[in-house]
Number of protein chains: 2
Amino acid sequence: MRLVVARCEVVYTGRLSAHLPMATRLIMVKADGCVAVHSDEGAYKPLNWMTAPNHLVEGEGEWVVSNRAGEKLVIRFEEVLSDSRHVLGPAPGLAKDGVEAELQRLLADAPFVLEEGLSVLRREYPTDLGPVDLLCRDPSGQVVAVEVKRRGEIDGVEQLTRYLERLNRDPALAPVRGILAAQAITPQARTLAAARGLACVEVDYDALREVEGNAPRLFPV
Amino acid sequence: MRLVVARCEVVYTGRLSAHLPMATRLIMVKADGCVAVHSDEGAYKPLNWMTAPNHLVEGEGEWVVSNRAGEKLVIRFEEVLSDSRHVLGPAPGLAKDGVEAELQRLLADAPFVLEEGLSVLRREYPTDLGPVDLLCRDPSGQVVAVEVKRRGEIDGVEQLTRYLERLNRDPALAPVRGILAAQAITPQARTLAAARGLACVEVDYDALREVEGNAPRLFPV
DNA sequence: GTGTATATCTCGGGG
DNA sequence: CCCCGAGGTATACAC
């Protein structure tokens with residue numbers, strides 16, 4: 001990784017045009033070639049950047065970084081205050097818990113926490129509007145579409161409504177009903193869901209991880 | 001700005017839980033107090049971070065950064081390879097030339113490219129759900145709501161649907177119909193638009209700039 | 001590759 | 001203060 005502290009001026013042209021007037025900033029060049037320009041205030045993310053792969057040309061007091069899509073980042077240096085290189089080596093990636101993907105996986109393994117007797121037909125069931133998180137069947141044989149969210153808000157209700165409208169056009173599935181499953185559901189989302197005849201279930205994440213630990217014994221496949 | 005290169009391990013708990021195993025990384029502390037952990041590869045944005053305002057406690061080989069919302073970032077150091085501070089001073093912000101805003105402006109000047117005989121009543125027509133990009137009238141006198149997007153996706157159809165539902169409650173405007181205008185529209189968005197009786201128009205941005213150049217002569221106001 | 005959905009989204013504007 | 005909308009969104013994942 002190369003770290004340059006310098007008074008510079010930056011121009012980006014590509015998907016839009018952006019300009020940074022002359023000031024002191026940090027320029028970070030990572031091992032994969034991506035370039036980021038940081039100021040000392042404001043945000044954790046860079047003001048301007050160029051993702052890899054790109055082509056960096058170091059000219060006379062000027063860097064030109066361009067990529068295949070025709071985007072260009074030009075950094076014009078007035079004064080370089082510091083320029084250092086560091087060998088960081090490979091680093092293992094970030095492991096995340098508690099994102100929607102994991103919630104979906106946990107629910108797919110334990111759909112009964114949503115409703116007694118529910119079983120999963122498919123995850124990511126495709127429709128021509130996009131994939132339904134979980135397609136299930138209840139003990140009576142009715143198909144149930146489940147939309148999984150970390151936080152249940154109006155968007156989730158809209159999404160579930162779209163899918164149901166689509167699923168119910170398929171005579172092999174109809175009538176399909178819907179469940180919005182989330183760790184927390186806002187009152188507005190509940191109201192809209194109720195108006196559309198959709199069920200809401202709040203899911204206790206920690207309890208679900210407990211269930212996962214026990215499920216293999218309690219519900220052998 | 002403080003830049004620390006170190007072998008470290010990072011744990012974030014808050015809106016989710018995330019863990020970075022021991023490896024060499026860059027830790028950036030900006031003047032406003034925000035902390036970011038960068039690896040040497042992958043992305044231009046940090047793996048882990050904590051936005052300002054927060055509270056940083058430097059302990060024995062360990063930093064604990066926490067904020068009012070109860071989020072916590074813990075960095076445990078094994079070996080510090082470099083630790084430097086730089087005074088960058090204030091920097092002027094980023095100036096952008098937007099894209100959707102310009103597309104909207106171009107269409108407002110040449111609504112007839114969307115549909116023969118269309119004229120603009122108002123840009124950013126306010127509703128209590130948000131502003132309608134373009135409110136137009138067709139030759140028959142019917143009001144037409146236009147949602148302008150750079151890329152036409154399902155979100156845009158939902159947005160237009162909400163606005164239309166709102167506009168059609170106003171007897172002075174109803175019945176209002178809708179057009180989704182974008183440089184490119186996905187098949188799924190077309191499907192949903194068709195199901196809702198909304199029109200889709202793909203707009204050639206460059207051609208539109210041509211029209212703008214010619215319009216003053218061809219279509220004098 | 002295309003397209004959808006998520007994100008510790010971030011960031012800004014308006015009520 | 002929240003809500004909404006846009007982002008050079010980036011990123012992951014399925015078809």
Side-chain angles (χ1 to χ4, degrees), chain A residues 11-18 34 36 42-52 67 69-73 93-94 96-105 122-133 147-151 153-156 158-159 162-163 186 188, chain B residues 10-18 34-37 42-51 54 65 67 69-73 93-94 96-101 103-104 124 126-133 147-159 162-163 184-192:
Chain A
V11 173
Y12 163 82
T13 50
R15 282 172 275 188
L16 56 63
S17 302
C34 73
Y44 73 88
K45 67 176 190 178
L47 294 165
N48 248 321
W49 69 93
M50 195 71 126
T51 49
N67 68 12
E71 298 173 271
K72 194 158 75 166
L73 186 74
L94 182 68
K96 291 182 184 181
D97 288 331
V99 289
E100 190 203 309
E102 187 173 13
L103 193 56
Q104 189 192 121
R105 186 181 59 74
R122 241 205 94 158
R123 286 177 61 177
E124 303 285 351
Y125 179 88
T127 75
D128 52 3
L129 289 179
V132 180
D133 287 339
E147 177 62 32
V148 180
K149 284 269 181 278
R150 212 152 47 83
R151 286 173 301 188
E153 297 172 11
I154 283 186
D155 275 5
E158 293 285 15
Q159 207 173 330
R162 285 200 304 268
Y163 294 154
T186 64
Q188 291 92 335
Chain B
V10 185
V11 172
Y12 163 81
T13 50
R15 284 171 277 186
L16 56 61
S17 303
C34 73
V35 179
V37 180
Y44 71 88
K45 66 176 191 178
L47 294 166
N48 249 322
W49 68 90
M50 194 73 125
T51 49
N54 62 47
V65 193
N67 69 11
E71 297 173 272
K72 193 159 75 165
L73 185 73
L94 183 68
K96 285 184 187 178
D97 293 331
V99 175
E100 188 197 319
L103 192 56
Q104 189 192 121
E124 302 285 350
T127 75
D128 51 4
L129 289 180
V132 179
D133 288 339
E147 176 63 32
V148 180
K149 283 271 179 277
R150 218 150 46 81
R151 288 172 304 187
E153 297 173 10
I154 283 184
D155 278 4
V157 180
E158 293 286 16
Q159 206 173 330
R162 287 198 298 271
Y163 293 155
I185 300 176
T186 64
Q188 285 83 348
R190 282 180 192 280
T191 301
L192 186 61

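So that the names make sense, note that chain A is the first sequence line, chain B the second, and so on, each numbered from 1.
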| said: Nearest heavy atom decides the nucleotide; on that basis, is A:Arg123 or A:Tyr12 closer to the 5' end of DNA chain D? | reply: A:Tyr12

Quick one: closest heavy-atom pair of [X] and [Y], and the distance?
{"X": "A:Gln104", "Y": "A:Arg123", "answer": "OE1-NE, 3.2 Å"}
{"X": "A:Leu94", "Y": "B:Leu47", "answer": "CD2-O, 3.4 Å"}
{"X": "A:Pro46", "Y": "B:Tyr44", "answer": "CG-CD1, 3.3 Å"}
{"X": "A:Val148", "Y": "A:Asp133", "answer": "N-OD2, 2.8 Å"}
{"X": "B:Leu192", "Y": "A:Arg162", "answer": "CD2-CD, 3.6 Å"}
{"X": "A:Gly98", "Y": "A:Arg150", "answer": "O-CD, 2.9 Å"}

Please give, in whole Å, the distance from [N] [atom2] to [X] [atom1]?
{"X": "A:Glu124", "N": "D:dA12", "atom1": "CD", "atom2": "P", "answer": "16 Å"}
{"X": "A:Glu102", "N": "C:dT6", "atom1": "CD", "atom2": "P", "answer": "16 Å"}
{"X": "B:Asn48", "N": "C:dT10", "atom1": "CG", "atom2": "P", "answer": "12 Å"}
{"X": "A:Arg105", "N": "D:dA12", "atom1": "CZ", "atom2": "C1'", "answer": "16 Å"}
{"X": "A:Leu16", "N": "D:dA6", "atom1": "CG", "atom2": "P", "answer": "15 Å"}
{"X": "A:Arg122", "N": "D:dC13", "atom1": "CZ", "atom2": "C1'", "answer": "12 Å"}
{"X": "A:Lys96", "N": "D:dA12", "atom1": "NZ", "atom2": "C1'", "answer": "10 Å"}
{"X": "B:Gln104", "N": "D:dG5", "atom1": "CD", "atom2": "C1'", "answer": "12 Å"}

Restricting to nitrogen or oxygen on both sides, can you table the protein-nucleotides 2-5 of chain C pairs closer than 3.5 Å?
{"residue": "C:dG3", "atom": "O3'", "partner": "B:Gln188", "partner atom": "OE1", "Å": "2.9"}
{"residue": "C:dT4", "atom": "OP1", "partner": "B:Thr186", "partner atom": "OG1", "Å": "2.9"}
{"residue": "C:dT4", "atom": "OP1", "partner": "B:Gln188", "partner atom": "OE1", "Å": "3.2"}
{"residue": "C:dA5", "atom": "OP1", "partner": "A:Tyr163", "partner atom": "OH", "Å": "2.3"}

| message | Any base atoms under 4.0 Å from B:Met50, or only sugar-phosphate, or nothing? Heavy atoms, all strands. | response |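 Nothing, no nucleic acid heavy atom in range.
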
| task | Quick one: label A:Arg151 by what it contacts on the DNA or RNA (base, sugar-phosphate, nothing), any heavy atom closer than 4.0 Å. | result | sugar-phosphate

| said: Contact between A:Thr186 and A:Arg151 at the side-chain level, heavy atoms closer than 4.5 Å - yes or no? | reply: no

| request: Determine yes or no for a side-chain-to-main-chain donor-acceptor pair under 3.5 angstrom, with B:Thr191 supplying the side chain and B:Pro187 the backbone. | output: yes

| field | Proximal nucleotide (of D:dA10, C:dT8, D:dA14) relative to the A:Trp49 side chain | value |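 Nearest to the side chain of A:Trp49 among the choices is D:dA10.
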
| task | Please measure how far the P atom in D:dG5 lies from the corresponding atom in C:dT8, and state the result in whole Å. | result |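 D:dG5 and C:dT8 have their P atoms separated by 22 Å.
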
| said: Can you see if the side chain of A:Arg150 gets near the phosphate of C:dC9 - specifically, an N or O under 4.0 Å from OP1 or OP2? | reply: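 Answer yes for this pair, as a side-chain N or O of A:Arg150 is under 4.0 Å from OP1 or OP2.
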
| side-chain hydrogen bond (donor to acceptor under 3.5 Å, both in side chains) partners for A:Glu100, two or more places apart | none

| message | Stem finding on DNA chain C, please: runs of three or more consecutive Watson-Crick or G-U wobble pairs, both distances under 3.5 Å, sorted by first number. | response |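 As far as DNA chain C goes, consecutive pairing (with distances under 3.5 Å) yields the stems C:1-7 with D:9-15, C:9-15 with D:1-7.
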
